[in-house]
Amino acid sequence: FLKMGVHQDEDNRTDIVRLLRFHSSAKKDGLTSLDEYVSRMKQDQKDLYYFVGKTVSEIEQHGVVQKIVEAGYEALYVLDPPFDKTMMYDIEKWQDLSLARLCDIQTVSISGVQQVETKS
């Protein structure tokens with residue numbers, strides 16, 4: 001129901017998003033919030049990275065996710081593709097940081113990751 005609220009309730013979207021929890025490359029045994037993710041971000045990081053897939057293991061095997069994680073960046077794993085993809089677009093920004101869907105990025109150019117080509 002929270003995810004539906006993100007999509008339908010613009011007036012309370014920020015409060016609802018604070019309650020959401022995601023699987024993450026940085027937290028193998030639990031879930032994390034967007035605020036926790038931001039607290040762990042590298043100083044030079046400008047976006048929150050996420051990848052939509054059906055399972056954590058499927059996402060972890062994707063080349064661009066592996067490169068991001070190997071470079072020390074965190075990726076959120078979003079596991080309900082049709083609905084979560086829309087929900088993440090609705091969130092769009094968090095704490096003035098853009099949400100970057102890794103499988104939509106053709107080339108990732110960030111510190112430590114040179115021109116990672118995605119293969120969606």
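- For the pair F51 and R101, the minimum side-chain heavy-atom distance is 4.5 Å or more.
- Every residue two or more places apart in sequence or in another chain that forms a side-chain hydrogen bond (donor to acceptor under 3.5 Å, both in side chains) with E74 is listed here: S24, R40.
- Atom-to-atom distance recorded for F22:CZ and L31:CG is 9.5 Å, nearest 0.5 angstrom.
- Under the 4.5 Å side-chain criterion, counting only non-hydrogen atoms from C-beta, L76 is in contact with L34.
- A pairwise comparison of heavy atoms in R21 and S33 identifies NH1-CB, 3.2 Å as the closest pair.
- Using a 4.5 Å cut-off on side-chain heavy atoms (C-beta onward), L79 and H23 make contact.
- For the pair L20/I91, a side-chain contact is recorded, criterion being any heavy-atom separation below 4.5 Å from C-beta on.
- Here the closest heavy-atom approach between residue L97 and residue K46 is recorded as CD2-O, 3.4 Å.
- Every residue two or more places apart in sequence or in another chain that forms a side-chain contact (heavy atoms from CB on, under 4.5 Å) with R18 is listed here: T14, D35, W94.
- Few gaps surround CG on D15; more than 12 heavy atoms of other groups in view lie less than 6.0 Å from it.
- Taking CD of Q45 as the reference point, atom OH of Y37 lies at 4.0 Å (rounded to 0.5 Å).
- For T55, the side-chain hydrogen bond (donor to acceptor under 3.5 Å, both in side chains) partners two or more places apart in sequence, or in a different chain, are S57.
- Side-chain atoms of Q66 come within 3.5 Å of backbone atoms of E60 as a donor-acceptor pair (strictly under, hydrogens ignored).
- Among residues two or more places apart in sequence or in another chain, the side-chain hydrogen bond (donor to acceptor under 3.5 Å, both in side chains) test is passed with D9 by N12.
- Applying the side-chain contact (heavy atoms from CB on, under 4.5 Å) rule to V69 yields the partners S25, V65, Y77; only residues at least two apart in sequence or on another chain are considered.
- Taking the side chain as every heavy atom from C-beta outward, H62 and L102 never approach each other to under 4.5 Å.
- When all heavy atoms of E36 and T32 are compared, the closest pair comes out as OE1-OG1, 2.9 Å.
- Remark: K93 pairs with S98 by the side-chain contact (heavy atoms from CB on, under 4.5 Å) rule, at least two apart or across chains.
- Within the 4.5 Å cutoff, side-chain heavy atoms of D44 are placed close to those of Y73.
- Counted within 6.0 Å of NZ on K28, heavy atoms from surrounding residues, nucleotides or ligands total more than 12; the atom is thus considered enclosed.
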